[in-house]
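Comments concern the structure below.
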Amino acid sequence: MSDVKDALRAAFARAVAHLGATVDAIPVQEVPEDKPGDYGTPVAFVLAKTLKRNPAAIAAEVVDAFEPPDGVLRAEAVGPYINVVLDPAAFTAGVVAGPAPAPARGRKVVVEHTSVNPNKEAHVGHLRNVVLGDAVARILRADGYDVEVQNYVDDTGRQAAESLFAAHYFGETPPDPHAPADPGAPRTAWKLDHWYGERYVRLGRAKEADGDAIEAGVADVMHALERGERRAEIERIVAAQLATFWALGATYDLLVWESDVVASGFLSRGLAVLEASPYVERPDEGKYAGALVMRVGDFLPGLEEDRVVLVRSDGNAMYVAKDVGYQFWKAGLFEGLRYAPFAEQPGGGRLWTSHPAGADDADGRTFAHADAIVNVIDARQSHPQTLVKTALALSGTPEGETAARHAHHLAYEVVTLEGEAMSGRKGTTLALDDAMDEAVRRAGAVVAEKNPDLADADAVARAVGLGALRFAMLKSEAKRIIDFRWERALDLQGDTAPYVQYAHARAASIRRAARDAGLDPDAPPGADAFAAVGPLEVALARRVAQFPEVRTQAADELAPHLVAQYALDLATAWNGYYNHRGPDGAPDTAVLRAEPGLREARLALVGRVQATLAAALDLLGIEAPEAM
RNA sequence: GCGCCCGUAGCUCAGUCGGAUAGAGCAGCCGCCUCCUAAGCGGCAGGUCACAGGUUCGAAUCCUGUCGGGCGCACCA
């Protein structure tokens, strides 16, 4: 059924061959609304050039030679276009039977996303990273790839050190993360990421008056972190952050700690590989004396300074060098991380973590060894990401070159807040937890108003509110700047998740009513049930049939917005079908009141629509309520 | 200065790797619930696809240039 386009390509190719011509790839496209036919091809234009003849005449000849595949009635020439008319019964029945399962790709993709500094609460800028990465992982998995989601924890960085030091500096003791939360108290009083974040911002302000002492204290904490002495504290902050991401519906396979990457020797081994490169050197004099630098000018033209520091003259590695080691490991070149369970995730599955005291294997599970790597990282980090990739390519090793070729930086643009840049350092952010609370609150108010008798009102409010938030981050391309504004992010009508969810609930409602009427909505319709379906059903079924190719394209392009746009299109097609009226002004697409036979066919189509809406939403990490 | 990204309706965005009359949502106006969920549907209005060249049977889409906006170019990450 979704293979109709493939079948058409083949059929067109045979007809074209009949004219003694060949075309490498025959485009098959949907026919515009008001033109005759369902699918069509402009291939006659291409042939016109080689055959040096009128495209309309060629189209007519192709039509003559065309033998319709199953599910297709006939072809007709519409000017220079060649359009085909589907057999409504056969096509609709094929769509209702469901799509072919996604092929097993036999390739493993490691998706790294989230990677929020473990020193403060996540804000709505991080929301975009989490939601984008989670959706990409879901899409790749659904499209047949073996997917592993990693979340990198920069536990040796300055930011983590500042938060830990801030608590000490202000003489405050962090709250017990297991103590029951006081519902009335602000999160900064009991949720550890918020608690530390508040101290972190306060410490930033205190630097003006007491900079030297703070600097010394932070440096001490950084050294302690490098020795792994304060890992437990960072782990508690990470756990607090994860609670938020889990509530959003994201899950992970592995936390990779920077300190473990370093301790496992990936940094030094990565550097050893790079040092063998003719592009890497250690100058004795000049401004880079004593540092290890990489010369990238041949590969990245136009740089003011073509040398990049990998290891500082004081011996400390730069982020780029550490990341090269990490990326090598992802690609399977290095071994040696140890693993321990970190948590059982509400969304499913055990979350593992790298850990110095862990085991060599994780219950028989193998991490890394990626065939392809996707790094979901802010577009502002494009430059260092390019440097990492260049370093892999410059390593002179086939593995490094392969890793570079299959590493993708999924760059997303910033999220501004009401037109203003956010700063975690200054504390001018909107906490993700607060945004989620507000989204659910607003959705709850609408649920109470629209459907006061709804049984699972709270669960529906969560699904709708969080769905709206996620959808707002996903519906346009990653390279678009998003300005977070309450009215738009939490809008519940128009091009939003609730619009799609509502269409889903409406379909579910019909199936419920069918059950109440003694029908089995899951029973396959009889062989001749589809005889009475017409153009309205075909138009809807055509939309449904697009789903697998949308999913595959979204996977190939790492572009969840394609799925979001498709979900809107399918919901629109379904709503239009549902509300359709005949020439007499009376509804003409009723399901349960249709004559027997047609009734079963429509009911089955509605079931397929519902399943497809739910599947599309699931790729975006959005729940599909049965009622709302 | 150099590099990357963006410029489509008043606003926010889609636009099937060059195809048919450029589509949605929001905002505005007009209609539709004795009918399976009106968070919905139909209609009206709104466009020199930033600008100028070029390639092509055909360009919002590809190439060159210009203008406007964002980001990046540390011994930070």
Side-chain angles (χ1 to χ4, degrees), chain A residues 27 29-35 40-43 45-46 48-49 55 78-81 83 117 154 157-159 287-293 300-305 308-316 318-320 322-323 378-384 386 411 413-414 443 446-447 449-451 464 475-477 479-483 485 487-488 491-496 498-499 501-503 505-514 516-517 546 549-550 553 557 561-562 564-566 568-569 571-572 575-576 578-581 585-587 589-594 602-603 606 627-628:
Chain A
Q29 54 196 215
E30 304 237 346
V31 167
E33 284 293 320
D34 48 352
K35 291 283 186 291
T41 179
V43 72
F45 285 113
V46 184
K49 184 168 297 183
V78 182
Y81 289 92
N83 292 354
N117 267 314
D154 180 7
R158 173 163 198 99
Q159 303 211 37
K287 68 172 178 173
Y288 291 131
L292 186 70
V293 300
L300 304 174
L303 292 180
E304 201 168 305
E305 168 59 67
V308 173
V309 174
L310 296 173
V311 180
R312 294 188 292 196
S313 49
D314 65 5
N316 285 319
M318 302 284 288
Y319 156 81
V320 167
K322 290 177 184 171
D323 206 39
D378 193 321
R380 288 172 297 187
Q381 290 200 44
S382 290
H383 181 63
T386 306
E413 271 297 341
V414 286
V446 174
V447 168
E449 174 206 329
K450 304 259 185 195
N451 199 344
V464 169
K475 75 175 168 188
S476 43
E477 296 175 278
K479 62 189 175 191
R480 282 283 163 205
I481 294 171
I482 293 181
D483 186 30
R485 307 188 107 97
E487 328 86 76
R488 232 183 297 139
D491 207 356
L492 306 182
Q493 38 184 291
D495 282 349
T496 64
Y499 176 84
Q501 291 171 316
Y502 185 76
R506 174 178 264 168
S509 163
I510 292 175
R511 283 162 50 80
R512 264 195 309 277
D516 292 346
Q546 284 183 308
E549 61 185 292
V550 169
Q553 193 185 355
E557 297 179 17
H561 83 279
L562 296 175
Q565 294 292 336
Y566 169 76
L568 292 171
D569 288 343
T572 298
N575 281 330
Y578 175 88
N579 283 297
H580 196 271
R581 284 159 191 274
T589 52
V591 174
L592 301 179
R593 276 182 291 279
R602 284 180 172 173
L603 185 57
V606 168
M628 59 188 278

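Sequence lines set the chain letters: A, B, ... in the order given, protein chains first and strands last, and positions in each chain run from 1. Computation of the quantities below employed the complete heavy-atom set of this structure, encompassing side-chain atoms and omitting hydrogens, waters and symmetry-equivalent molecules. None of these values were measured; they are calculated from a predicted model.
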If we ignore hydrogens and angles and just use 3.5 Å, is the side chain of A/Asn579 paired with the main-chain N or O of A/Asn575 as donor and acceptor?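 Yes, the answer is positive, given that a donor and an acceptor are paired below the 3.5 Å cut-off.
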
Can any side-chain N or O of A/Gln29 pair as donor or acceptor with the backbone N or O of A/Thr41 at less than 3.5 Å?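 Such a contact is absent between A/Gln29 side chain and A/Thr41 backbone.
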
What is the distance, rounded to the nearest whole Å, between atom [atom1] of [X] and atom [atom2] of [N]?
| X | N | atom1 | atom2 | answer |
| --- | --- | --- | --- | --- |
| A/Glu305 | B/C2 | CD | C1' | 14 Å |
| A/Met318 | B/A74 | CE | P | 10 Å |
| A/Gln565 | B/C13 | CD | P | 12 Å |
| A/His383 | B/A74 | NE2 | P | 6 Å |
| A/Asn579 | B/C32 | CG | P | 14 Å |
| A/Arg380 | B/A74 | CZ | C1' | 17 Å |

Ignoring the backbone of A/Val46, work out which of B/A20, B/A77, B/G19 is nearest its side chain.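 Nearest to the side chain of A/Val46 among the choices is B/G19.
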
Report the nucleotide, chosen from B/A14, B/C36, B/A39, that has the shortest atom-to-atom distance to any side-chain atom of A/Arg593.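 From the listed options, B/C36 comes nearest.
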
Is the glycosidic torsion of B/C33 within 90° of 0, making it syn, or is it anti?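 Glycosidic conformation of B/C33: syn.
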
Could you measure between the two [atom1] atoms, the one in [N] and the one in [M], and give it in whole Å?
| N | M | atom1 | answer |
| --- | --- | --- | --- |
| B/G7 | B/G43 | C1' | 31 Å |
| B/A59 | B/C4 | P | 27 Å |
| B/A52 | B/A9 | C1' | 23 Å |
| B/G23 | B/C62 | C1' | 22 Å |
| B/A39 | B/C44 | P | 24 Å |
| B/U48 | B/G3 | C1' | 32 Å |
| B/G70 | B/C13 | P | 15 Å |
| B/C6 | B/C32 | C1' | 41 Å |

Looking at A/Tyr499, does any N or O in its side chain come under 4.0 Å of the phosphate oxygens OP1/OP2 on B/C41?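 Answer is yes, contact under 4.0 Å.
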
Less than 4.0 angstrom between a side-chain N/O of A/Arg480 and OP1 or OP2 of B/G70, yes or no?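 False: A/Arg480 side-chain N/O out of range (4.0 Å or more) of B/G70 OP1/OP2.
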
So what does [X] touch, heavy atoms closer than 4.0 Å: a base, only the sugar-phosphate, or nothing?
| X | result |
| --- | --- |
| A/Val311 | nothing |
| A/His580 | nothing |
| A/Arg512 | base |
| A/Ser313 | base |
| A/Leu562 | sugar-phosphate |

A/Tyr502 on top of B/G40's base, within under 5.5 Å and under 30°?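 A/Tyr502 ring does not meet the centre or angle cut-off for B/G40; no stack.
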
Tell me whether A/Tyr81 is stacked on the nucleobase of B/A20, counting only the six-membered base ring and applying the 5.5 Å and 30° thresholds.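 So yes, this residue stacks on that base, both cut-offs being met.
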
Does the base of B/U21 carry an N or O that pairs as donor and acceptor with the side chain of A/Lys35 under 3.5 Å?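 Yes, the side chain and the base share a sub-3.5 Å donor-acceptor pair.
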
